[in-house]
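Note that ligands are numbered from 1 as they come in the structure, with each ligand's atoms numbered from 1 the same way. The analysis underlying the following values was restricted to heavy atoms, covering all of them including side chains, and did not include hydrogens, waters or symmetry mates. Small disclaimer: the values here were computed from a predicted structure and weren't measured.
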Amino acid sequence: MTHHSAAPGSGRLKVLICGGGIAGQALAYWLARGGHRVTVAERFPALRATGAQVDLRGQGIDAVERMGLLDAVRSRLVDEAGVALVDGRGRKRATIMANTSGRGRQTLTSEYEIMRGDLVRLLHDATRQDVDHVFGTSVERFEQDATRVVAHFSDGSSEDFDLLVGADGQGSRIRRAVLPPGAPDPYWRVGIHMAYWFVPRIASDSNIRDTYNAPGGRMIMRRSHNPDETQVYFVLRERSAEASAVHREPVERQKQFWTDRFRDAGWQTARFLDGMRDTESFYSQEVVQVRTDTWSRGRVVLVGDAAHCASPYSGMGTSGGLVGAYVLAGELNRHGHDLPTALANYDTVLRPFVDRIQAEVKPRLLRLAMPRSRRAVDVLHAVAALACRLHVPELVARHAKEDRGGDWRLPDVPVSSGRDVP
Ligand SMILES: Cc1cc2nc3c(=O)[nH]c(=O)nc-3n(C[C@H](O)[C@H](O)[C@H](O)COP(=O)(O)OP(=O)(O)OC[C@H]3O[C@@H](n4cnc5c(N)ncnc54)[C@H](O)[C@@H]3O)c2cc1C
């Protein structure tokens with residue numbers, strides 16, 4: 001680790017961000033612009049520019065715009081025209097097109113769909129000059145007193161900082177150390193699991209996302225993001241200890257789990273399972289939200305999924321990380337070494353937005369969209385087909401007053417920490 005100290009008495013802070021994903025890098029961007037000294041420690045040996053397609057919506061788009069990155073994001077958007085429900089023979093039973101009217105709220109497809117890897121690379125390009133990135137290193141533990149936090153790294157070194165930020169995602173270790181003893185389990189479980197990977201694209205893979213329901217609470221999605229690759233998502237309704245534990249097992253065991261559950265699902269399952277065998281891009285997770293009242297303790301604070309993962313079903317996970325980073329950086333720029341005030345304001349300002357995006361996930365609706373019986377799948381398709389013939393989804397989207405983040409607006413915050421930066 002490199003050693004440098006912040007100028008004493010100035011508003012500048014020496015900050016360690018644990019996790020170089022979306023929220024960590026967005027925070028690094030704003031703090032570096034604010035004149036703070038920032039190190040990002042990422043556990044992965046290189047930039048972790050993997051993952052499937054993510055949405056940017058509402059306030060998340062505003063946050064990207066304030067970073068001056070909207071044009072760069074626009075140039076990397078995935079072309080997804082809409083979402084179709086297909087039957088076992090691939091026939092489209094109902095199609096919901098993206099809302100391109102410029103009014104109301106986005107449908108299932110957002111106006112800004114981008115591959116996670118592209119967004120991570122873009123944020124990295126915007127921060128790499130001004131921030132120390134250390135790859136292949138994680139924070140093993142830390143201790144703090146009134147004047148500093150000491151981080152102990154996986155390479156055996158340790159270093160003092162003014163502030164440690166846990167931007168280490170849904171399974172955050174920093175969060176475990178921040179929550180008070182006896183705090184309730186922060187995971188709010190929806191009873192749904194998801195795996196995704198890439199397979200070679202074939203001629204019939206269009207720019208419409210296909211969604212297929214199989215009995216047993218199983219869903220398969222297919223969407224294509226470039227001329228050569230198609231993303232496959234397997235989604236499973238299951239509340240069992242086995243399903244919750246499998247995501248921490250070796251990848252081969254995870255693949256076996258998904259193969260066993262989906263083997264007889266129909267449609268293009270055989271093709272997708274074939275592609276799963278050789279893929280490098282496989283990722284398996286339980287759909288959870290992180291719900292905790294504690295976002296900070298002393299000189300340690302959480303940002304992004306570590307603080308408030310809203311889950312992929314909110315459509316606001318990535319936007320939430322970008323917005324949280326912006327709000328936290330703004331308060332740190334405003335209050336500098338008065339960390340108690342900065343961190344309390346971060347909580348007060350951001351909390352209503354987080355409550356709103358987390359409330360977007362409605363387990364009852366998700367269960368309805370993933371029926372268990374064949375008959376219920378048929379009913380779902382018939383109702384969806386009728387609704388689409390009557391243009392219900394487009395009308396609802398266009399006439400909705402607000403997008404998913406509600407009427408909460410990004411606050412205006414100082415970009416720099418006062419006198420240190422012109
Ligand atoms: C590999 C990957 C793929 C993903 N794919 C999707 C997707 O397809 N769709 C979707 O909606 N969301 C996906 N997500 C989640 C999505 O990125 C987040 O919901 C959202 O962007 C908020 O980002 P975040 O920075 O808070 O968390 P994340 O993007 O999860 O980033 C956390 C970062 O912290 C690093 N990290 C974890 N533990 C440590 C540690 N102890 N020390 C140092 N670094 C650590 C991780 O390697 C990662 O780079 C993915 C996340 C990851 C890590």
Side-chain angles (χ1 to χ4, degrees), residues 16-29 39-57 60 63-64 78 110 112-124 127 133-142 151-155 164-177 194-198 221 223 225 231-235 247 251 280-290 295 301-326 328 354 357-358 360-361:
L16 173 64
I17 300 175
C18 176
I22 300 215
Q25 297 206 78
L27 180 67
Y29 172 91
T39 303
V40 175
E42 164 60 47
R43 178 175 61 179
F44 211 61
L47 190 65
R48 200 170 183 191
T50 51
Q53 197 167 319
V54 297
D55 316 343
L56 289 174
R57 297 171 190 260
V64 169
V78 175
S110 132
Y112 289 84
E113 300 270 342
I114 184 168
M115 295 307 286
R116 180 181 179 278
D118 284 336
L119 186 56
V120 166
R121 267 190 290 269
L122 212 144
L123 291 169
H124 188 62
T127 57
H133 278 89
V134 188
F135 293 104
T137 303
S138 62
V139 180
E140 295 291 296
R141 61 191 174 83
F142 62 83
H152 300 276
F153 297 97
S154 49
D155 65 2
L164 166 62
V165 183
D168 47 348
Q170 172 180 314
S172 170
R173 275 211 235 164
I174 304 283
R175 184 182 61 234
R176 252 175 274 159
M194 192 183 268
Y196 42 86
W197 63 96
F198 298 168
M221 281 193 322
R223 62 205 319 200
H225 54 282
Q231 303 159 61
V232 178
Y233 299 69
F234 279 11
V235 189
H247 315 289
V251 170
E280 298 282 306
S281 58
F282 185 82
Y283 197 78
S284 174
Q285 66 172 115
E286 178 164 7
V287 174
V288 298
Q289 288 192 340
V290 169
W295 284 351
V301 62
L302 305 172
V303 72
D305 277 6
H308 51 71
C309 173
S311 95
Y313 281 110
S314 68
M316 288 296 283
T318 300
S319 296
L322 292 166
V323 168
Y326 171 84
L328 176 57
V354 165
I357 63 176
Q358 291 198 327
E360 282 291 329
V361 178

Within the structure, does Tyr196 bring an N/O atom to less than 3.5 angstrom of an N/O atom in ligand 1? yes
Do any nitrogen or oxygen atoms of Gly51 come within less than 3.5 Å of a nitrogen or oxygen of ligand 1? no
Taking heavy atoms and a distance under 4.0 Å, where does Ile22 meet ligand 1: side chain, backbone, both or neither? both
Please report which non-hydrogen protein atom sits nearest to atom 12 (N) of ligand 1, along with the residue it belongs to and the distance in Å to one decimal place. Val54 CG1, 4.0 Å
Region of Arg43 that comes within reach of ligand 1 [heavy atoms, distance under 4.0 Å]: both
Is any side-chain heavy atom of Val290 closer than 4.5 Å to a side-chain heavy atom of Asp305? no
Counting N and O atoms only, with roles assigned by atom type, does the side chain of Ser314 sit under 3.5 Å from a partner on the main chain of Pro312, one being a donor and the other an acceptor? no
Out of all atoms in ligand 1, which are within 4.0 Å of some heavy atom of Ala167? Include the element for each. 32 (C), 33 (C), 34 (O)
State if Gly21 counts as touching ligand 1 under the rule of any non-hydrogen atom under 4.0 Å. yes
Does a side chain donor of either Gln231 or His225 reach within less than 3.5 Å of an acceptor in the other side chain? yes
For residues Ala23 and Gly304, report the shortest heavy-atom separation together with the two atoms involved. CB-CA, 3.7 Å
Would you mind listing which atoms of ligand 1 come within a distance below 4.0 Å of any non-hydrogen atom of Cys18? 40 (C), 42 (N), 43 (C)
I need the atoms of ligand 1 closer than 4.0 Å to a non-hydrogen atom of Gly304, numbered in the order shown. 26 (O)
So, Glu286 side chain and Val288 main chain: donor-acceptor pair closer than 3.5 Å or not? no
Can you classify the ring geometry of His133 versus His124 as parallel (below 30°), tilted (30 to 60°) or perpendicular (above 60°)? perpendicular
Any side-chain donor paired with an acceptor under 3.5 Å for Ser138 and Glu140? yes
Atoms in ligand 1 with a heavy atom of Ala52 nearer than 4.0 Å: 5 (N), 7 (C), 8 (O)
Ligand 1 to Ala41, heavy atom cutoff 4.0 Å, flagged ligand atoms 43 (C), 44 (N)
Would you say Thr50 has any N or O atom under 3.5 Å from an N or O of ligand 1, going by distance alone? no
Do the ring planes of Phe234 and Trp197 sit parallel (below 30°), tilted (30 to 60°) or perpendicular (above 60°)? perpendicular
Run the numbers for me: atoms of ligand 1, each under 4.0 Å from some heavy atom of Gly169, listed by number. 27 (O), 30 (O), 32 (C)
How long is the span from the CD atom in Gln358 to the SG atom in Cys309, to the nearest 0.5 Å? 8.0 Å
Output yes when the distance from some N or O of ligand 1 to some N or O of Tyr283 is under 3.5 Å, and no in every other case. no
